[in-house]
Amino acid sequence: LLGVLFGALAVAVDRDNAPRLVPREFFTKSPSQRVEQIENGDERIDSMEKAFYFGASLYTHNIRVACLAFGVGALTIVGGLALLFYNGVILGVIGMMYLFDGVTVFFLAWVGPHGALELPSIVFAGAAGLLTGRALLMPGNLTRAASLRRVMPDVMRIMTGASLTLICAGLIEGSFSQFSSHTIPYALKIAVAVLLFAALVTYLFLRRMGEPAHD
């Protein structure tokens with residue numbers, strides 16, 4: 001969240017900061033030009049085969065990013081925090097660029113459906129890395145082996161859940177998120193994003209509020 005705020009404020013202060021903070025391939029077209037191309041062109045995903053292969057490439061990439069966030073966090077702690085921060089910077093920069101170009105609704109409809117699952121999952125993987133890093137680098141009164149054994153069940157559960165959620169996010173991004181407003185209205189895509197995020201939060205937190213505490 002701090003990364004998102006930093007990236008958004010940096011672009012709000014000076015739009016020229018955008019290419020200084022994120023890779024220049026994000027700026028081959030302006031946001032409004034990209035929206036016009038997508039909305040006036042043919043649908044890029046026009047078959048189940050394309051959706052499947054594109055989705056597979058997306059979720060395998062996202063799982064690699066999640067593993068990187070985990071590994072860097074586990075080995076350095078600070079590096080894991082920096083990686084999560086920079087991912088936030090990218091989101092803040094791109095979001096602000098779309099806002100300035102007057103296509104915010106498109107951005108929310110385009111990123112929201114898969115981002116509602118993808119972005120939290122990357123954070124979860126980073127958190128698992130930080131948990132492992134703390135056990136490895138700051139074991140306290142325990143040996144490193146004992147400290148790692150204590151956290152491994154939680155770490156494995158987090159990483160398994162994050163990987164499965166990223167697969168779902170990749171399949172959504174490879175199909176549903178790609179459709180223009182001619183096929184799926186923006187309002188529906190944003191509503192799906194809200195419902196997916198609400199379902200994730202409910203599963204993670206609200207369903208446990210009534211459970212008794214365990215020693």
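Please read all numbers here as calculations on a predicted model, not as lab measurements.
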Which atom pairs, one a donor and one an acceptor, fall under 3.5 Å between side chains of residues 194-201 and the rest of the protein, sequence neighbours left out?
none

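Closest of all the heavy-atom pairs between G80 and V72 is N-CG1, 3.4 Å. Counting all heavy atoms, side chain and backbone alike, R144 lies closest to P139 at CG-CG, 3.9 Å. In terms of heavy-atom proximity, L84 sits nearest to G126 at CD1-CA, 4.1 Å. Across every non-hydrogen atom of L117 and P120, the tightest pair is O-CD, 3.5 Å.
To the nearest 0.5 Å, atoms OG (S163) and CZ (F124) are separated by 12.5 Å. Rounding to the nearest 0.5 Å gives a distance of 9.5 Å between CD1 of I122 and CG of L68. Separating the CE atom in M152 from the CE atom in M159 is a distance of 10.0 Å, to the nearest 0.5 Å. Here the CD1 atom belonging to I77 is positioned 5.0 Å from the CG atom belonging to L137, to the nearest 0.5 angstrom. Atom OG of residue S175 and atom NE2 of residue H114 lie 11.0 Å apart, to the nearest 0.5 angstrom.
In the displayed structure, L2 atom CG is contacted under 6.0 Å by at most 12 heavy atoms of other residues, nucleotides or ligands. The neighbour count for Y186 OH, taken as heavy atoms of other residues, nucleotides or ligands under 6.0 Å away, is above 12. Residue L1 places its CG atom among 12 or fewer non-hydrogen atoms of other residues, nucleotides or ligands, all under 6.0 Å distant. Heavy-atom contacts from other residues, nucleotides or ligands closer than 6.0 Å to CZ of R134 number 12 or fewer. Summarising the local packing, CE of M156 is surrounded by 12 or fewer heavy atoms from other residues, nucleotides or ligands at distances under 6.0 Å.
N62 contributes no side-chain N or O that, together with a main-chain N or O of L166, makes up a donor-acceptor pair within less than 3.5 Å. A donor-acceptor pair is defined here as one N or O able to donate and one able to accept, closer than 3.5 Å; such a pair exists between the side chain of H182 and the backbone of E39. Formation of a donor-acceptor pair under 3.5 Å by the T60 side chain with backbone atoms of S57 is found in this model. Put simply, the side chain of K189 never gets that close to the backbone of P113: no donor and acceptor are under 3.5 Å apart.
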Candidate pair I63 and I167, rule side chain to side chain contact (heavy atoms under 4.5 Å, CB included), full reasoning: CA-CA 8 Å; I63 289 174; I167 290 174; 4.1 Å; yes
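The side-chain heavy atoms of I158 and F70, taken from C-beta on, include no pair separated by under 4.5 Å. With a 4.5 Å cut-off on side-chain heavy atoms, I94 and F107 count as touching. V123 is not listed as a side-chain neighbour of L119, based on a closest heavy-atom distance of 4.5 Å or more.
Note on V89: it clusters hydrophobically with V111, by side-chain heavy-atom contacts below 4.5 Å among ILVMFWY residues. Note on L75: it does not cluster hydrophobically with V78, by side-chain heavy-atom contacts below 4.5 Å among ILVMFWY residues. Hydrophobic clustering of Ile, Leu, Val, Met, Phe, Trp and Tyr side chains at less than 4.5 Å, counting indirect connections, unites I90 with W110. When the side chains of ILVMFWY residues are joined at heavy-atom separations under 4.5 Å, either directly or via intervening members, L131 and M138 end up in a single hydrophobic cluster. Hydrophobic cluster membership is shared by V151 and L81, with clusters built from Ile, Leu, Val, Met, Phe, Trp and Tyr side chains linked at under 4.5 angstrom.
In summary, of the residues considered (L148, T160, T132), a side chain to side chain contact (heavy atoms under 4.5 Å, CB included) with V155 occurs for T132 alone.
For R20, the salt bridge (Lys or Arg N to Asp or Glu O under 4.0 Å) criterion is met by D14, not counting sequence neighbours.
Electrostatic pairing of R15 and D101 counts as a salt bridge here, judged by a charged N lying under 4.0 Å from a carboxylate O.
Taking the six-membered ring for Trp and thresholds of 30 and 60 degrees, F106 and Y98 have nearly parallel ring planes, at less than 30 degrees apart.
Listed by first and then second residue, the side-chain hydrogen bond (donor to acceptor under 3.5 Å, both in side chains) pairs involving residues 74-91 amount to none (not counting sequence neighbours).
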